[in-house]
Asks: 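Questions regarding the structure given below will be posed in turn.
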Amino acid sequence: MATTILKGTVISAPSLGKLDITEGGYLVAVDGVIQGVYKTLPREFASCPVEDMGNDLILQSFSDMHLHAPQYPMLGMGMDMPLIDWLHTYTFPTEARFRDTDFARETYRRLAAELVANGTTRVCMFSSLHREATLILMEELEKAGVTGFVGKVNMDRNGGVDLEETTEESIRETERWLEECHFEHIRPVITPRFTPSCTNELMEKLGQIAGEKDLPIQSHLSENAGEIAWVSQLHPDCRQYWETYAKCGMWNERTVMAHCVWSDERERKAIKDAGVWVVHCADSNQNLISGFAPVRKMLKEGIKVVLGSDIAGGDKISMFDVTAASIRSSKARRIMDNWNTDFLTVSEAWYLATSAASDFFGEKPGFAPGNPLHAIVLRDDDIISVRKLTAAERFERCVYNRQKNAIRAVYSAGRKVYSAQ
Ligand code: GUN
Ligand code: FE
């Protein structure tokens with residue numbers, strides 16, 4: 001029996017807007033599974049070694065619920081166009097490079113290392129359409145200690161010459177990929193890129209595969225006005241964008257839809273009623289001039305909202321930065337709404353970045369007993385303050401401002417996957 005005991009200022013988000021703070025607390029895991037957070041160490045663990053982190057913060061690690069691995073090489077570039085032009089000018093040519101498996105290996109190894117170094121230990125991620133590169137991505141994530149879901153992208157139209165598959169190829173390669181996926185912590189997710197990239201025939205088949213194999217689904221929804229207009233041209237039978245997924249069996253409580261910036265009341269009701277997950281990608285929504293999603297309203301309506309970096313529409317891999325961006329975005333939205341909507345508080349945004357996706361991964365929010373240990377140890381002793389800060393103040397500050405090399409260690413699924421030199 002392997003026991004991990006971390007001692008420090010343990011902070012977790014058990015529900016939206018609530019923080020549990022235990023100063024000098026013990027976070028205990030046995031065989032990688034959390035037993036509890038204790039103010040005094042239970043007697044049964046008295047003889048176990050304790051990793052004393054002093055005054056460091058012990059936080060939940062992040063779930064990045066929407067990002068594009070093959071866009072990693074263009075991170076921070078090409079921010080001068082809206083979505084559709086951006087896809088054709090920069091993104092598709094970049095993704096086409098992942099036909100080259102050596103390039104994929106090198107890129108994905110570095111991406112996986114950067115994710116864990118930034119405290120992201122769970123993902124819901126897009127690969128490219130390439131089966132081999134997708135398997136390499138899954139392997140590199142698994143090795144680095146990232147857990148979650150990865151999808152081979154499907155796109156049988158509108159990709160251009162270098163990034164398109166025929167309908168038959170797309171189905172065959174998807175089925176083959178699913179047969180070849182044998183990883184412990186990385187599982188497959190069905191991934192039609194978005195409606196303009198997939199014919200009806202392909203979408204129907206993907207919906208059928210997801211249903212038969214009981215797989216989750218991820219895609220994009222109502223990100224940008226031009227995209228929405230394009231979808232309505234392609235699907236005159238559908239009143240709204242979401243119906244193009246729903247009619248193909250891809251609209252359920254394991255469907256993850258990125259953006260939803262322009263989802264109106266009717267579309268949001270369809271999201272809520274089906275239990276679809278919305279991934280808010282605040283950085284990307286600004287970079288690609290898409291808009292400010294009404295996230296606070298969605299939460300009030302009972303929609304399941306989580307956060308995504310959406311690299312490389314988003315330019316920040318650190319979910320600390322993505323969390324801060326989601327707060328700023330909610331304030332911009334408040335301005336647009338004539339101050340009639342609330343903004344996200346720091347602890348609310350933190351919940352979205354950490355606990356909110358727990359149900360998607362079959363876990364409970366916070367450091368709940370039974371959850372696999374996913375945690376960040378964060379040092380903040382080298383930032384000047386005018387007085388001694390409370391743990392809650394230190395927590396709030398760390399979202400916006402961290403010292404150099406603040407992350408001391410990262411644990412994923414019970415394993416230490418990163419340690420600062
Ligand atoms: N819609 C379809 N593909 C993409 C993509 O790669 N990024 C973003 N932000 N939106 C998309
Ligand atoms: Fe995206």
Side-chain angles (χ1 to χ4, degrees), residues 64-98 111 123-130 133-134 137 149-160 162-165 170 189-198 202-203 206 217-231 234 241-242 244-245 250 255-263 277-293 306-317 322 325-326 329:
D64 187 343
M65 294 301 284
H66 183 74
L67 69 165
H68 297 261
Q71 294 171 24
Y72 184 49
M74 55 185 266
L75 190 67
M77 298 172 68
M79 300 302 192
D80 54 350
M81 288 177 192
L83 176 66
I84 303 299
D85 292 339
W86 174 83
L87 284 174
H88 287 102
T89 308
Y90 303 117
T91 313
F92 291 171
T94 303
E95 291 197 12
R97 284 283 280 116
F98 288 79
L111 170 64
V123 294
C124 193
M125 184 185 268
F126 280 52
S127 177
S128 57
L129 60 76
H130 311 95
T134 304
L137 170 60
F149 293 87
V150 168
K152 176 217 165 310
V153 165
N154 297 94
M155 41 193 306
D156 69 341
R157 65 175 174 185
N158 297 317
D162 287 331
L163 199 70
E164 209 172 272
E165 32 184 21
S170 188
V189 47
I190 296 297
T191 308
R193 180 173 207 116
F194 68 156
T195 299
S197 294
C198 298
L202 179 58
M203 292 267 258
L206 294 174
I217 295 148
Q218 61 177 351
S219 197
H220 296 90
L221 180 67
S222 298
E223 177 175 359
N224 155 294
E227 171 209 21
I228 296 168
W230 194 10
V231 170
L234 292 168
Y241 192 164
W242 67 275
T244 66
Y245 297 112
M250 294 200 278
T255 301
V256 180
M257 284 290 163
H259 303 288
C260 307
V261 176
W262 297 100
S263 296
W277 298 80
V278 169
V279 193
H280 178 45
C281 306
D283 277 322
S284 172
N285 293 343
Q286 268 187 271
N287 287 333
L288 303 184
I289 328 166
S290 301
F292 300 99
V306 289
L307 301 187
S309 66
D310 194 24
I311 65 165
D315 56 299
K316 294 285 188 293
I317 234 177
V322 169
S326 74
S329 166

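All ligand and atom numbering here is 1-based and tracks the order in the structure.
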Asks: Would you say D64's side chain and V123's backbone share a donor-acceptor pair under 3.5 angstrom?
Replies: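 Flag not set: sc D64 to bb V123 has no pair under 3.5 Å.
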
Asks: Is it the side chain, the backbone, both or neither of W86 that has a heavy atom closer than 4.0 Å to ligand 1?
Replies: side chain

Asks: Taking the inter-plane angle between the rings of H68 and H66 on a 0 to 90° scale, is it parallel (under 30°), tilted (30 to 60°) or perpendicular (over 60°)?
Replies: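 Geometry flag for H66 against H68: perpendicular rings.
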
Asks: Which of the numbered atoms in ligand 1 are below 4.0 angstrom from a heavy atom of Q71?
Replies: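 Under 4.0 Å from Q71, ligand 1 has these atoms: 5 (C), 6 (O).
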
Asks: Could you grab the distance from atom CH2 of W86 to atom CZ of F92, nearest 0.5 Å is fine?
Replies: 9.0 Å

Asks: Any ion pair linking R157 and E165 (charged N to carboxylate O, less than 4.0 Å)?
Replies: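 No, this pair does not count.
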
Asks: Indicate whether any N or O donor in one side chain lies under 3.5 Å from an N or O acceptor in the other, for T255 and Y245.
Replies: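 No, because no side-chain N or O of T255 sits under 3.5 Å from a partner of the opposite role on Y245.
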
Asks: With a cut-off of 2.8 Å, how many protein N, O or S atoms neighbour the Fe ion (ligand 2)?
Replies: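 My tally for this metal is 4.
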
Asks: Could you tell me if the side chain of N154 sits less than 4.5 Å from the side chain of M203, heavy atoms only?
Replies: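 Contact flag for M203/N154 side chains = no.
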
Asks: Which distance, rounded to the nearest 0.5 Å, do you find between the CG of L67 and the CD1 of I317?
Replies: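 Between L67 CG and I317 CD1, I get 7.5 Å after rounding to 0.5 Å.
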
Asks: Enumerate the atoms of ligand 1 whose separation from the nearest heavy atom of D310 is less than 4.0 angstrom.
Replies: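 Every atom of ligand 1 under 4.0 Å from some heavy atom of D310: 8 (C), 9 (N).
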
Asks: Return the option from H68, E223, H259, E95 holding the heavy atom at the smallest distance from atom 5 (C) of ligand 1.
Replies: H68

Asks: Does the N224 side chain pair with the main chain of E227, one donor and one acceptor, at a distance under 3.5 Å?
Replies: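 Side chain of N224 to backbone of E227: a pair is present.
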
Asks: What is the ring orientation for F194 with W230, classed by angle as parallel under 30°, tilted 30 to 60°, or perpendicular over 60°?
Replies: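 Perpendicular, since the angle between the ring planes exceeds 60°.
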
Asks: Does R193, backbone or side chain, put an N or O under 3.5 Å from an N or O of ligand 1?
Replies: yes

Asks: What about E227: any of its N or O atoms under 3.5 Å from an N or O on ligand 1?
Replies: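 No.
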
